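Data first, discussion second: the structure below is written as structure tokens.
The model shown is predicted, which means the values in this text are computed figures rather than measured ones. All chains are named by letter (A, B, ...) in the order of the sequence lines, taking the proteins before the strands, and each is independently numbered beginning at 1.
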Number of protein chains: 2
Amino acid sequence: MALGKDYATQECSIARALEVVGERWTLLVIRDALYGVRRYNDFLVHLGIPRAVLAARLQALTAEGILEKRRYQESPPRDEYVLTDRGIALWPTLRSLGLWGREHFGESRLRWFRHADCGTELGPYGECPRCAMIVPVPDVEMAPGPGLDRDPADPVSRALLAPRRLLEPLDTDPRRPVDGHPQEPEGGGRGPGGVADAASGSGRSAEGRPV
Amino acid sequence: MALGKDYATQECSIARALEVVGERWTLLVIRDALYGVRRYNDFLVHLGIPRAVLAARLQALTAEGILEKRRYQESPPRDEYVLTDRGIALWPTLRSLGLWGREHFGESRLRWFRHADCGTELGPYGECPRCAMIVPVPDVEMAPGPGLDRDPADPVSRALLAPRRLLEPLDTDPRRPVDGHPQEPEGGGRGPGGVADAASGSGRSAEGRPV
DNA sequence: ACACGTTGGTTCATTGACCGAACCCAGGTG
DNA sequence: CACCTGGGTTCGGTCAATGAACCAACGTGT
């Protein structure tokens, strides 16, 4: 990896982490993966990243055990890149970084993050203030804020406008069948409806509060 | 800044943040600043960063309001770079990133971070489990762990071996007069009553916040 | 007086990463 | 059989990073 030569002399977990995710685009790829992006082409159009760079990043992240490449259909062989636990564990870091960016450089709020179970907006550490717990990543619901463009050009941004849970597979092609939900085997009335389920919770939006 | 052209199209606070701190070396400079490094030469020898790159990073960080360049002596004019509140606010992000690096790629523990008031090790979000509060950055005490090299080559790493609070100015030159900051004799056992300084009390905005 | 060290830079040639565009290939589709 | 889509690889041009050298202001030793 590019940074290894120099960062290796740093005896520091931060430097070690940056060797893995510190290159350009890498954290944005992981962010997109948290948002549900899984396919090469979706990363490509959403990030506007050069193809060669994206291929290199996906390969490196797979080699580091942050993404997992897996085939989701055979007939025309198609692969998707899914976050592993190691990748999902970066959520607090990205949450923290995004919060810092908004507080110090953002003019208006672009996205809300709420606890899907109760609709309460997450605190700075990804906790639900009402439930007094750290919200598991699949239970974080993402919704567009007032500052977000309501009519983006690319289909991935368009698909991300609907309120949705983190990690929920993004479907930009309606013909593609939704393969069984990897997470949330929870029973309470929350069926494997995917996008439709998240949209049905839009009535809770009034409960969100600005920080 | 280098990444602005492409990241600007990303409507995302994470991308915004990465425009500011996403370039190579930048987060390591901020990490060192949190550890108490303040002088050009100390950054240089500790990071092993090319001089031109360090100068560019320090200038950019100063322009972004993350560092503040200030003169600490006149006779030979000498400047130091000190973290602003905006820079200190990156502590949770760096803490989170370092934790991820250690848990997933670190073989042994390199540093401890404790609540200086009670000696309890910090939790994953920078909180003190015993006091049930987010520990203000100047009250975080850093101590070397078992995996850290006990006899490093450069004087900055050597100075960082002593247990010390974050933001406490590092002094690699014993002749340098300490301006208003009580200086810690090396190797000293330390108690909760110690150092009460840390740069005009910045970073205490979250003091006592329950978690 | 004068050489030399320290701090904080700048300049410069070389290297390496990033960039966009073009090309490629396997497997459908009309 | 031409053409489209997904998922890449290849290739020249550009731009930033690198390390070494140079610079300048000030102090210190002799």
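One interatomic measurement links the two molecules: CG of A:Leu47 to P of C:dG20, which rounds to 12 Å at whole-angstrom precision. Atom CZ of B:Arg71 is separated from atom C1' of C:dG8 by 11 Å (rounded to the nearest Å). Taking atom CZ of residue A:Arg38 and atom C1' of nucleotide D:dG6, one finds them 17 Å apart after rounding to whole Å. One can place CG of B:Leu44 at 10 Å from P of C:dG8, the figure rounded to the nearest angstrom. The distance between atom OH of B:Tyr81 and atom P of C:dG8, rounded to the nearest whole Å, is 8 Å. The distance between atom CZ of B:Arg24 and atom C1' of C:dG16, rounded to the nearest whole Å, is 11 Å. The nearest whole Å value for the distance from the CZ atom in B:Arg57 to the C1' atom in D:dT18 is 12 Å. A:Leu54 has its CG atom 13 Å from the C1' atom of D:dT9, to the nearest Å.
Minimum interatomic distance between A:Ile14 and B:Gly98 (heavy atoms only, all atoms of both residues): CG1-CA, 3.6 Å. In terms of heavy atoms, A:Phe43 sits closest to A:Ala33 at CE2-N, 3.9 Å. The shortest heavy-atom contact between A:Asp79 and A:Arg39 is O-CG, 4.1 Å. Across every non-hydrogen atom of A:Lys69 and A:Thr62, the tightest pair is N-CG2, 4.2 Å. When all heavy atoms are compared, the tightest approach of A:Pro138 to A:Leu167 is CG-CD1, 4.2 Å.
Between B:Phe113 and B:Trp91, the ring centre distance stays below 6.0 Å.
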Polar-atom pairs under 3.5 Å, protein N or O versus N or O of nucleotides 25-28 of chain C: list them with distances, or write none.
unit_1, atom_1, unit_2, atom_2, d
C:dG27, O3', A:Ser75, O, 2.7
C:dG28, OP1, A:Ser75, O, 3.1
C:dG28, OP1, A:Ser75, OG, 2.3
C:dG28, OP1, A:Pro76, N, 3.1
C:dG28, OP2, A:Ser75, O, 3.3

Distances for protein N or O near nucleotides 10-15 of chain D N or O, under 3.5 Å:
none

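Between D:dG6 and A:Asn41, a contact under 4.0 Å exists linking OP1 or OP2 to a side-chain N or O. The side chain of B:Tyr72 contributes no N or O atom lying less than 4.0 Å from OP1 or OP2 of C:dT7.
In this structure, of D:dG8, C:dT10, C:dG20, it is C:dG20 that holds the atom nearest to the side chain of A:Pro50. Of the candidate nucleotides C:dG20, C:dC18, D:dG8, C:dC18 has the atom lying nearest to any side-chain atom of A:Val53. Distance from the side chain of B:Trp25 is smallest for D:dA17 among the nucleotides D:dA17, D:dT9, C:dC18.
In this structure, A:Phe43 reaches neither bases nor backbone, as no heavy-atom distance under 4.0 Å exists between it and the strands shown.
At least one test fails for A:Arg165 against the ring of A:Tyr35: distance under 6.0 Å to the centre or angle within 45° of the axis. Note that A:Arg86 lies in the cation-pi zone of B:Phe105, set by a 6.0 Å cut-off to the ring centre and a 45° limit from the axis.
Checked against salt bridge (charged side-chain N to carboxylate O under 4.0 Å, His left out), B:Glu121 has the following partners two or more places apart in sequence or in another chain: B:Arg109.
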